[in-house]
Protein chains: 2
Amino acid sequence: MSQREPAGLTAASQIYAALKRDLIQGRFAAGEKLAIKSLKDHYQVGLSPLREALNRLSAYGLLTQENQRGFRVPALTRTDLDDIVTLRQRFERQALVEALDNGDDQWEAELLAAFHRLKRADDQAEDLEHWEQMHLQFHRRLLEPCASRWLLRFIEQLHDQFDRYRRLAPAIPGLRKTLDAQHGELVELALDRRTEAARALIHEHIQLSYEVACGACRDDA
Amino acid sequence: MSQREPAGLTAASQIYAALKRDLIQGRFAAGEKLAIKSLKDHYQVGLSPLREALNRLSAYGLLTQENQRGFRVPALTRTDLDDIVTLRQRFERQALVEALDNGDDQWEAELLAAFHRLKRADDQAEDLEHWEQMHLQFHRRLLEPCASRWLLRFIEQLHDQFDRYRRLAPAIPGLRKTLDAQHGELVELALDRRTEAARALIHEHIQLSYEVACGACRDDA
DNA sequence: GTCGCAACAAAAATCGATTTTTACTATGAC
DNA sequence: GTCATAGTAAAAATCGATTTTTGTTGCGAC
């Protein structure tokens, strides 16, 4: 038997991806109750795959589920944001150290490639979504050699949570430039295996994003 | 309008809980593909709530989902177990420190109560499931005052993963006694706010469980 | 006016049937 | 015998209709 292709995604997986994207982008108001009927119409899918996607998303933490009363978009609070950021800093520092330990030549090459694509996306500022994609991939690639699959999983989850805040916050003019300088420095430190400096920088990098993201939430809840 | 009662759980939530329990207890073989039809018959539920539960469980990490070919029980490997344990140690140490910082009188009382129930469950060794329940609640209670909801969430998730290994491992005669002594010490250290000693002990406590749990997995995969 | 309750409307959850996809088997060409 | 392919059986995924639960409104008692 010949190896089959990855095959097309199920409707449930597609709607999951679409909803996840829209939730992170802030297309739904925080705290909003989702009207399943209108989601069905909007995304042009049946009830079953839609409900499966909603269930996955609530297990993932991008939705909350109340017993017989449907799904709700989680609120954005300052405490929640602080919690997410503190953990991201801890987790990503740890993962970065392990990545620097384990990363090989192949990884270095791919990291450089990811950084290159990110810079390119930066130039053509018209396509914001494309930059977001490249940015996510860069950070994934950076930590990839970390052997702890669970740690990477949690980092990804926290990253998605964080982005709900960040993408809602008002854009700051010079910011992109500063962040991108940090990305460049991260690559350099990574290639040189300057572990301590890299640790400190990733912390600072997240801290900077945090200060931006604070613009997204009112006082606490 | 008067406040309504918590209301009965949906079929999806019930089947979710039942499946989760059975997965953690090791009722399904690791790596096994789940036959949806027979699950439906066994748990006496319809397809829709069953599939919703399966989707939640795979987002939670107790199942894996392959594109158009259903759900599968994740394998048990040594690398996975090591990963889980290392993170549990780090996370629970951290959470414990924060819990000791934040815990108040009320918490101290409830912790003592939880410990008492655990000891009681220990005496009546006939009901193993009851002890498991009390044990879980004790550890939850211990860390409860930790303010980081996300950290507690991850700890719970890792705990469930770990239990898949632990509960499959062969029972060791004197073990329960040693573990329970540690629980008692933990309470004492917690009440006295001896943070460093408590940190060290929770680490050791997890380490001991780990050595038991190793019995559950073959050589690596 | 407020409370309780019934009736109704809307939404969520569930069911059973149908469609789609995969897994398996058998057949025939080379 | 090996490979490819068609055909069939089984399983997964999806659909549309139905049931159950919630939320709202209106009516009457106090």
Please list, chain by chain and in numerical order, all residues satisfying salt bridge (charged side-chain N to carboxylate O under 4.0 Å, His left out) with [X], sequence neighbours excluded.
| X | answer |
| --- | --- |
| Arg90(A) | Glu98(B) |
| Asp83(A) | none |
| Asp180(A) | none |
| Asp127(A) | none |

To the nearest 10 degrees, what angle separates the axes at the start and end of the helix from dG1(C)-dC30(D) to dC30(C)-dG1(D), five pairs each?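 The helix from dG1(C)-dC30(D) to dC30(C)-dG1(D) shows an end-to-end axis angle of 10°.
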What is the separation between atom [atom1] on [X] and atom [atom2] on [N], rounded to the nearest whole Å?
| X | N | atom1 | atom2 | value |
| --- | --- | --- | --- | --- |
| Glu52(A) | dT14(D) | CD | P | 6 Å |
| Lys40(A) | dA13(C) | NZ | P | 16 Å |
| Leu47(A) | dA13(C) | CG | C1' | 9 Å |
| Arg72(B) | dT22(C) | CZ | C1' | 13 Å |
| Gln65(B) | dA13(D) | CD | P | 7 Å |
| Leu50(A) | dG16(D) | CG | C1' | 14 Å |

Hey, are Asp163(A) and Arg166(A) close enough for a salt bridge, meaning a charged N less than 4.0 Å from a carboxylate O?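 Salt bridge flag = yes for Arg166(A) with Asp163(A).
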NZ/NE/NH1/NH2 to OD/OE distance under 4.0 Å, Asp160(B) and Lys20(B):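 Lys20(B) and Asp160(B): salt-bridged.
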Do any N or O atoms of the protein come closer than 3.5 Å to N or O atoms of nucleotides 9-12 of chain C, and which pairs are they?
| unit_1 | atom_1 | unit_2 | atom_2 | d |
| --- | --- | --- | --- | --- |
| dA12(C) | OP1 | Leu34(A) | O | 3.3 |
| dA12(C) | O3' | Gln68(A) | O | 3.4 |
| dA12(C) | O3' | Gly70(A) | N | 3.4 |

Residue pairs involving residues 105-117 of chain A (criterion side-chain hydrogen bond (donor to acceptor under 3.5 Å, both in side chains); sequence neighbours excluded):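 Listed by first then second residue: Gln106(A)-Glu110(A), Glu108(A)-Arg193(A), Glu110(A)-Arg141(A).
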Under 4.0 Å from any atom of DNA chain C, heavy atoms only: list the residues of residues 56-64 of chain A that qualify, in numerical order.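 Going residue by residue through residues 56-64 of chain A, none turns out to have a heavy atom under 4.0 Å of DNA chain C.
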Per the salt bridge (charged side-chain N to carboxylate O under 4.0 Å, His left out) rule, what does the pair list look like for residues 24-36 of chain B, sequence neighbours excluded?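 As it turns out, the salt bridge (charged side-chain N to carboxylate O under 4.0 Å, His left out) pairs with a partner in residues 24-36 of chain B, which skip direct neighbours, are Asp22(B)-Arg27(B).
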For [X], check side chain to side chain donor-acceptor pair (under 3.5 Å) against everything at least two apart and list the hits.
| X | value |
| --- | --- |
| Arg164(A) | none |
| Ser58(A) | Gln65(A) |
| Arg140(B) | Glu156(B) |

Name the nucleic acid region contacted by Ser48(A), choosing base, sugar-phosphate or nothing; use a 4.0 angstrom heavy-atom cut-off, strictly under.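 Since a base atom lies under 4.0 Å of Ser48(A), the category is base.
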